[in-house]
Number of protein chains: 2
Amino acid sequence: MAARRRRAPAGESRDRVFAAAAAEFASRGFAGANMDRIARAARLNKAMIYYHFAGKTALYHAILNDMFGAVRTAVTAVAASDRSPEDKIRAYIDAIAAEGEARPHFPPIWLREIAEGGEHVDAETLGYIRDVLAALGAIIAEGNRAGCFRPLPTLIVQGGIIAPLMFFFASSRVRARIARLTDADVPAVSREAVVAHVQRLTLAQLEGRV
Amino acid sequence: MAARRRRAPAGESRDRVFAAAAAEFASRGFAGANMDRIARAARLNKAMIYYHFAGKTALYHAILNDMFGAVRTAVTAVAASDRSPEDKIRAYIDAIAAEGEARPHFPPIWLREIAEGGEHVDAETLGYIRDVLAALGAIIAEGNRAGCFRPLPTLIVQGGIIAPLMFFFASSRVRARIARLTDADVPAVSREAVVAHVQRLTLAQLEGRV
DNA sequence: GTCTATAAATAGATAGAC
DNA sequence: GTCTATCTATTTATAGAC
């Protein structure tokens, strides 16, 4: 979100389109998303979508941008803070989890983009992703200099963080379905438990304990 | 695959359709997959797809079935073997990695199904998934009785295994793109390294070491 | 078994009134 | 800013010849 729009024109219909589109893209993917359905969910007509956005692709890009822009802002601040490297890793993970959780469409969309090689990612979003990785790289490098981290490749560490996080957040529906299938055994793991777990695992790797 | 087809009719055109469809579904998702493109990739015409399969959905179900049927067969054998619980966990992970790697379409399709709550999973495939989880549950229970494993929920352990595996296998394209973006830092992790890593991590969790 | 049409439905996008 | 109506292209699916 952020930019665009000058006077917040009473009806905030643009936000409704945005929200409806995010949900549609999350549950059906880019190709499966349907402009008519988005309009209906936004309690508007299709023409209004094209009034606010240039087209399906531009709409999708706006959503990706909002997602990764928010993550970039958060983790850049973490990297620039004056905590210890260990605390920065924890905060980095917290930030990604928080932004991912604040947008229910975030994990499914990210998962899909990975599955299709980031085919719909535009240049602006790609820049944000680069910044996110740079932030993590800087934290790891700082830990290296301080002698507390091993020099693991940034992408490996990032994978170890987002794989379980996105997977967990995105899979609540499948988990529910599978739980229903195998009756019981529904642990209902909390967000906090997952985040704490990923934090421990990541630090254990960085510190060479596993 | 397995079932269906009685006499392998010379041209094995059904296999070509199957393979082309698997690749198409993997890279574009169910909604984004296009029957014309599948036909072209299979060096056939669209009518031939409908000659072999009832429709787009049936074609997709056949692919899901092949994927999860293979995993089910492999992990059921592992659970029934007479290794130690630790070895069974390693073999379980190995089996999933092997089946996933043998089918390049497997990781992307699985990732997508998770993103959309398994909406296109049919009853037969769901049964296979149940069996896979039952196998893992049996291994964990055996370890509990032997006193070497903590009683972690099956779904949690399964998530810890498939999240990194599917993520890694599915993300080679994005990883390459990101690596190109940040220039260098391309670790080119091997399949063996990832599997070994997941095995260590999973056992560390089950044995309460992390 | 394999092919060439073609039917029938759907979906992205726009014109133009209010 | 918001709407209805519509154009156009794409897409699943099938009929029917060979």
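This is a predicted model, so every value here is computed, not measured. Proteins get letters first, then strands, A, B, ... in listed order; numbering begins at 1 in each.
Taking the centre and axis of the six-membered ring of F168(A), the NZ or CZ atom of R175(A) falls inside the cone set by 45° and 6.0 Å.
Atom CE of M48(B) is separated from atom P of dT12(D) by 18 Å (rounded to the nearest Å). Across the protein-nucleic acid pair, Y51(A) atom OH and dA17(C) atom P stand 18 Å apart, rounded to whole Å. In this structure, H52(B) places its NE2 atom 9 Å from C1' of dT2(C), rounding to the nearest Å. For the pair D36(A) CG and dT8(D) C1', the computed distance is 15 Å after rounding to whole Å. Taking atom CZ of F53(B) as the reference point, atom P of dT2(C) lies 13 Å away to the nearest angstrom. Between the C1' atom of dT12(D) and the CD atom of E24(B) lies a distance of 14 Å, rounded to the nearest Å. Residue R40(A) contributes atom CZ, which lies 13 Å from atom P of dT4(D) at whole-angstrom precision.
Heavy atoms of L44(B) sit under 4.0 angstrom from primed sugar atoms or phosphate atoms, though from no base atom. Within 4.0 Å (heavy atoms only), A54(A) reaches no atom of the nucleic acid at all.
Remark on DNA chain C: of its neighbouring residues T57(A) and K46(B), the 5'-side contact belongs to K46(B), judged by nearest-heavy-atom nucleotide.
Each of dT11(D), dC3(C), dG1(D) was ranked by its minimum atom distance to the side chain of N34(B); first place goes to dT11(D). Set against dA13(C), dA13(D), dT2(C), the side chain of M35(B) has dA13(D) as its closest nucleotide. Closest to the side chain of A47(B), out of dT2(D), dT4(C), dT14(C), is dT4(C). Closest to the side chain of K56(B), out of dT14(C), dT12(D), dT2(C), is dT12(D).
The shortest distance between the side-chain N/O atoms of N45(B) and the OP1/OP2 oxygens of dT2(C) is not below 4.0 Å. Under 4.0 angstrom from either OP1 or OP2 of dA13(C) there lies at least one side-chain N or O belonging to Y50(A).
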